[in-house]
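Every number for a ligand or one of its atoms is a count from 1 in the order of the listing.
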Amino acid sequence: MRLAIIPGDGIGKEVTAEAVKVLTRTGEAFGRRFEFEHLPWSADYFLETGITIPSDGYDLLRGFDAIFIGALGDPRTPENRHARDILLGTRFELDLYVNYRPVKLLDERLCPLKNRGPKEVDFVVFRENTEGLYVSIGGRFKAGTDDEIAIQEELNSFKGVNRIVRHAFAFAQSRGLTKVCMADKSNAMQQGHALWQRVFKQVASEYPAVQATHYYIDALAMYMVLDPGQFEVIVTNNLFGDIITDLGATFQGGLGMAASGNIHPGRTSMFEPVHGSAPRFAGKNIANPIGAIASAALMLDTLGLDQEAAAIDAAILKAVREKQVTPDIGGTLGTVEAGTYITNQIHPSRPA
Ligand SMILES: NC(=O)c1ccc[n+]([C@@H]2O[C@H](COP(=O)([O-])OP(=O)(O)OC[C@H]3O[C@@H](n4cnc5c(N)ncnc54)[C@H](O)[C@@H]3O)[C@@H](O)[C@H]2O)c1
């Protein structure tokens, strides 16, 4: 399989190196050949060349089986233009409309919620990934003055809402899950979110075996903390999904633990840890590589290599249980050493 690797900026580079190490070992253990092509697109590359992503960059990416990104963001590029073109650009141009973010607690000691363990914190969030407030439609008038007006439009199309809501229900059915919760703010955002209401009710009626519930996003945030065990699948828009998955990441032990996939079913998709480039952590060998490694497992699972993905997940679980991890989750290892430990636990025979 040909995999595009974009390490990006800051800790993105460090955690990507560990994810590639784990993938390489997994390939050897399972007799699979992964061909990695490292692409230099990053803040460094942008500052050197003035290029965020080459003009044929998205076409190039479409030619791979999957794409892996570390993280993008650098204090030297405060407008984040390169990150927008590389990360958001790839999501939009490759039409990766499903942002798949599992919230799965591996060990009770990592969860900041009282008396909550892996049984209660085990759900997935599907975030709409190509529309909403992130399409950058709008503008600033009289910018920088006291009369400044800033407008940022939220885009909701029937096509966009319908396909992510359908994906959530189809996922639930295919995994034997019985609950899908949709979160919006239709009480206050009465135009765009009325569309979410209409589509959700329509799709839910086609899945009678799935219990469809709805919360306003503010209530959802509260219930995630109070009673996370009630959720199996959550579907929501781009902005809300972005925010609640950081909250979800804290249930898992922090941002360093959370994995994600940007998926268009059947097409080249892109995988990345939920966290950013954490510039203050960069170059110190302290970043937790698990979010990146778990994202690599998600990538293999999406590519149909479920045994290989399960072997990586099992290796991560062993590292967490044995505290062979970085300081953010109670270990003493560096990024490289934590990645090496997980790499050495990859065995084809390990049960899922
Ligand atoms: N997908 C992405 O590439 C992405 C996502 C979010 C933010 N960013 C960018 O990253 C830069 C920094 O943003 P930020 O500080 O808001 O978010 P961040 O996720 O980079 O870091 C926030 C904090 O989370 C913790 N953290 C994050 N990753 C960790 C890891 N692997 N191990 C241990 N702790 C970890 C650290 O305490 C860190 O200070 C910005 O330029 C931002 O735009 C990029």
Next on the checklist: Could you identify the single nearest non-hydrogen protein atom to atom 43 (O) of ligand 1 and state the distance to 0.1 Å?
Outcome noted: Asn80 ND2, 3.1 Å

Checklist entry - How close does the nearest protein non-hydrogen atom get to atom 22 (C) of ligand 1, and which residue and atom is it? => result Leu255 CD1, 4.0 Å

Checklist entry - Does some non-hydrogen atom of the protein lie less than 4.0 angstrom from atom 24 (O) of ligand 1? => result yes

Checklist entry - Heavy atoms only: which of Pro289, Gly73, Ala258 is nearest to atom 41 (O) of ligand 1? => result Gly73

Next on the checklist: Is a donor from one side chain sitting under 3.5 angstrom from an acceptor on the other, for Asn115 and Glu120?
Outcome noted: no

Checklist entry - Under 4.0 Å from atom 16 (O) of ligand 1, is there any protein heavy atom? => result no

Item to check | Sub-4.0 Å atoms of ligand 1 with respect to non-hydrogen atoms of Ala278 | outcome: 12 (C), 20 (O), 21 (O)

Item to check | From CA spacing to verdict: side-chain contact (heavy atoms from CB on, under 4.5 Å), Glu18, Ile290 | outcome: CA-CA 9 Å; Glu18 299 316 306; Ile290 289 182; over 6 Å; no

Checklist entry - Do you see a donor-acceptor pair shorter than 3.5 Å between the side chains of Glu131 and Ser157? => result yes

Item to check | Between Arg127 and Asn238, a side-chain donor and acceptor under 3.5 Å | outcome: yes

Checklist entry - When you check the side-chain N and O atoms of His193 and Asn187, is any donor under 3.5 Å from an acceptor? => result no

Checklist entry - Among the heavy atoms of Thr326, does any lie under 4.0 Å from an atom of ligand 1? => result no

Item to check | Pair Thr145-Asp147, side-chain donor/acceptor within less than 3.5 Å | outcome: no

Item to check | Atoms of ligand 1 close to Ala71 [distance to a heavy atom under 4.0 angstrom, numbered from 1] | outcome: 3 (O)

Next on the checklist: Below 30° counts as parallel, above 60° as perpendicular, anything between as tilted: where do the rings of Phe34 and Phe36 land?
Outcome noted: tilted

Item to check | Closest protein heavy atom (residue, atom, distance) for atom 32 (N) of ligand 1 | outcome: Asn288 N, 2.9 Å

Item to check | Geometric class of the His82/Phe46 ring pair [parallel <30°, tilted 30-60°, perpendicular >60°] | outcome: parallel

Checklist entry - Using the ring of each side chain (for Trp, its six-membered ring), is Phe200 parallel, tilted or perpendicular to Phe169, with breaks at 30° and 60°? => result tilted

Item to check | Heavy-atom nearest neighbour in the protein, as seen from atom 1 (N) of ligand 1, with distance rounded to 0.1 Å | outcome: Glu272 OE1, 3.1 Å

Next on the checklist: Give me the residue, atom name and distance of the protein heavy atom closest to atom 37 (O) of ligand 1.
Outcome noted: Phe281 CZ, 3.4 Å

Next on the checklist: Between Thr130 and Glu128, do the side chains contain a donor N or O and an acceptor N or O under 3.5 Å apart?
Outcome noted: yes

Checklist outcome for this item: For atom 11 (C) of ligand 1, the closest protein heavy atom turns out to be Ser277 OG, 3.2 Å

Next on the checklist: Give me the nearest non-hydrogen protein atom to atom 9 (C) of ligand 1 as residue plus atom name, then the distance to 0.1 Å.
Outcome noted: Leu72 O, 3.2 Å

Next on the checklist: Below a 4.0 angstrom heavy-atom separation, can you tell me which part of Ile11, side chain or backbone, both or neither, approaches ligand 1?
Outcome noted: side chain

Next on the checklist: I'd like to know if atom 13 (O) of ligand 1 has any protein heavy atom within a distance of less than 4.0 Å.
Outcome noted: no

Next on the checklist: I'd like to check which ligand 1 atoms, numbered from 1 as shown, lie under 4.0 Å from a non-hydrogen atom of Arg280.
Outcome noted: 39 (O)

Checklist entry - What is the closest protein heavy atom to atom 27 (C) of ligand 1, and at what distance does it sit? => result His275 CB, 3.6 Å

Checklist entry - Is there at least one protein heavy-atom neighbour under 4.0 Å from atom 20 (O) of ligand 1? => result yes

Next on the checklist: What I want to check is whether the side chains of Ser277 and Asp9 have a donor and an acceptor closer together than 3.5 Å.
Outcome noted: no

Checklist entry - For Glu79 and Arg84, what are the C-alpha separation, side-chain angles and deciding distance, and is it a salt bridge (Lys or Arg N to Asp or Glu O under 4.0 Å)? => result CA-CA 9 Å; Glu79 286 186 351; Arg84 235 185 7 253; 5.9 Å; no

Item to check | Numbered atoms and elements of ligand 1 in range of Val274, under 4.0 angstrom, heavy atoms | outcome: 5 (C)

Checklist entry - Which ligand 1 atoms, with their elements, are less than 4.0 angstrom from a heavy-atom of Leu87? => result 1 (N), 2 (C), 3 (O)

Next on the checklist: Could you walk me through whether Leu39 and Leu61 satisfy the side-chain contact (heavy atoms from CB on, under 4.5 Å) test, starting with their C-alpha distance in whole Å, then the side-chain angles of each, then the deciding distance to 0.1 Å, before giving a yes or no?
Outcome noted: CA-CA 10 Å; Leu39 301 169; Leu61 291 178; 3.8 Å; yes

Item to check | For atom 5 (C) of ligand 1, the option (of Gly276, Ala83, Pro279) bearing the nearest heavy atom | outcome: Gly276

